[in-house]
Amino acid sequence: MTTPLERAVADYLSHLGVERGLAANTLGSYRRDLRRYTEHLLTTGRDDVADVTEADVLAFLAALRTGDVDHVPLGPASSARAVVAVRGFHRFCLRERLVAVDVSVAVKPPRPAARLPKALDLSDVESILAAAGEPGTTLAKRDRALLEVLYGTGARISEAVGLDVDDLDVETGSARLHGKGGKTRIVPVGSYALAAVEDYVRVARPQLVSAAGSPPALFLNARGGRLSRQSAWTVLTKAARRAGIGTEVSPHTLRHSFATHLLDGGADVRVVQELLGHASVTTTQIYTLVTIEKLREVYATAHPRAAR
């Protein structure tokens, strides 16, 4: 004999399959998650959805994360999927007037763990910079200058290609970057990037200027126009390929590496926040996770009492 709870779940699954037309695989996932939810509730004496409380839903989420004799603990992504199924079920019950209130509305799916940004080793960055452009060509000097600026300033790709010649001050060793939301910031430019830019501007850029005149852009394409984000991306991926870097490298990879290497070198997180143009230091703090991981690895291999 089925309970009121089991009948409500069956009605919801029928609604998903017939009226919503969910794919068979998706429907199967909902069925498995709700079967586990039903089993959990029945073991606690809840056989009618009208008797379920917010505490019951929270207890189910906790059970997902801890596991039991019949189930392995679920990670954030799998737990979140199950919570989505449960929340959908309770919304359905509210619409069907099976309950007076949706007790799941305040139960949020667990957030996945923060993905650590990918940072390259300094040796890999140097290999990429050395492999910029075909040796001896005009574009090689432009490409080297572009990549040196990306890594040397931590600029976003849009900020780098948005630079005009006048935005870079060789005398003060600084650049004016035009960031998100129209915000402008001044950042220092290292000697390697300055030397690469000076070489490009003196020797290569004049050869890229078109007969009809070129825009004030610092980085020009082969036709004399401003270099696009897509073309700048291609410059980097080709250099990474020539350098033999096996992992995927994007302009943001250089930005991640810039921030991580600064923090590894002892820079204050608020200084890095300003250099990256982050509105909140919270955004920058994800890079501290990277450096902590590195410290943990060094500690584990170097400290005589680290092993467990």
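Computed over heavy atoms, backbone and side chain alike; hydrogens, waters and symmetry mates excluded.
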> After noting the C-alpha distance and the side-chain angles of T234 and Q230, does the key distance pass the side-chain contact (heavy atoms from CB on, under 4.5 Å) rule?
Replying inline: CA-CA 6 Å; T234 301; Q230 292 78 9; 5.5 Å; no

> Quick one: do E148 and R144 make a salt bridge, cutoff under 4.0 Å?
Replying inline: yes

>> Salt bridge check, D102 against R95: does any charged N sit closer than 4.0 Å to a carboxylate O?
In response: no

Do [X] and [Y] make a side-chain contact, defined as non-hydrogen atoms from C-beta onward lying under 4.5 Å apart?
| X | Y | value |
| --- | --- | --- |
| H15 | R20 | yes |
| D143 | K238 | no |
| R46 | T3 | no |
| L42 | D47 | yes |
| P110 | L61 | yes |
| V84 | P109 | yes |
| V189 | D169 | no |
| H90 | V103 | yes |

>> Is it true that D124 and S127 share a donor-acceptor pair across their side chains at a distance under 3.5 Å?
In response: no

> Do S29 and R32 have a side chain donor and acceptor closer than 3.5 Å?
Replying inline: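 Checked: S29/R32 side chains pair up, N/O donor to acceptor below 3.5 Å.
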
> Is a side-chain donor or acceptor of R142 paired with a backbone partner of A204 at a separation under 3.5 angstrom?
Replying inline: no

> Counting N and O atoms only, with roles assigned by atom type, does the side chain of R255 sit under 3.5 Å from a partner on the main chain of G154, one being a donor and the other an acceptor?
Replying inline: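 Judged by distance alone, yes, a pair lies under 3.5 Å.
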
>> Could you walk me through whether D11 and S14 satisfy the side chain to side chain donor-acceptor pair (under 3.5 Å) test, starting with their C-alpha distance in whole Å, then the side-chain angles of each, then the deciding distance to 0.1 Å, before giving a yes or no?
In response: CA-CA 5 Å; D11 288 344; S14 177; over 6 Å; no

> Do you reckon V105 sits in the same ILVMFWY cluster as L41, going by side-chain contacts under 4.5 Å, direct or chained?
Replying inline: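 Different clusters: V105 never reaches L41 through Ile, Leu, Val, Met, Phe, Trp or Tyr contacts under 4.5 Å.
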
> Given the rule that I, L, V, M, F, W and Y join up when any side-chain heavy atoms are under 4.5 Å apart, are Y192 and I128 in one cluster?
Replying inline: no

Supply the atom-to-atom distance [X] [atom1] to [Y] [atom2], rounded to the nearest 0.5 angstrom.
| X | Y | atom1 | atom2 | value |
| --- | --- | --- | --- | --- |
| R31 | D33 | CZ | CG | 11.5 Å |
| L120 | T260 | CG | OG1 | 9.5 Å |
| R185 | L276 | CZ | CG | 7.0 Å |
| L150 | R156 | CG | CZ | 12.5 Å |
| L218 | L146 | CG | CG | 9.0 Å |
| R81 | L64 | CZ | CG | 9.0 Å |

Where do [X] and [Y] come nearest, in terms of heavy atoms and distance?
| X | Y | answer |
| --- | --- | --- |
| L5 | T38 | CD2-CG2, 3.9 Å |
| R176 | T184 | CG-CG2, 3.2 Å |
| V125 | H261 | CG2-CE1, 4.1 Å |
| A8 | L98 | CB-CD1, 4.0 Å |

> After noting the C-alpha distance and the side-chain angles of Y200 and F219, does the key distance pass the ring pair (Phe, Tyr, Trp, His ring centres under 6.0 Å) rule?
Replying inline: CA-CA 9 Å; Y200 158 66; F219 298 112; 5.8 Å; yes

Between side-chain atoms of residues 243-252 and protein atoms elsewhere (two or more places apart, or another chain), which donor-acceptor pairs fall under 3.5 Å?
{"from": "S250", "atom 1": "OG", "to": "H252", "atom 2": "N", "distance (Å)": "3.3"}
{"from": "S250", "atom 1": "OG", "to": "T253", "atom 2": "N", "distance (Å)": "3.3"}
{"from": "S250", "atom 1": "OG", "to": "T253", "atom 2": "OG1", "distance (Å)": "3.2"}

> Is atom CZ of R229 surrounded by more than 12 heavy atoms (other residues, nucleotides or ligands) closer than 6.0 Å?
Replying inline: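 Atom CZ in R229 is not crowded, with 12 or fewer foreign heavy atoms closer than 6.0 Å.
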
>> Pair V209, R205 - check side-chain contact (heavy atoms from CB on, under 4.5 Å), show working.
In response: CA-CA 6 Å; V209 173; R205 189 177 182 278; 4.1 Å; yes

> Where does the angle between the aromatic ring planes of Y37 and F89 fall among parallel (under 30°), tilted (30 to 60°) and perpendicular (over 60°)?
Replying inline: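 Plane angle over 60°, so perpendicular.
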
> For the side-chain contact (heavy atoms from CB on, under 4.5 Å) test, which of D167, I186, L168 pairs with S174?
Replying inline: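 When side-chain contact (heavy atoms from CB on, under 4.5 Å) is applied between S174 and each of D167, I186, L168, only I186 qualifies.
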
>> Let's go through L122 and Y151 carefully: what are the C-alpha distance in whole Å and the side-chain angles of both, what is the deciding distance for side-chain contact (heavy atoms from CB on, under 4.5 Å) to 0.1 Å, and is it a yes or a no?
In response: CA-CA 11 Å; L122 179 58; Y151 174 66; 3.6 Å; yes

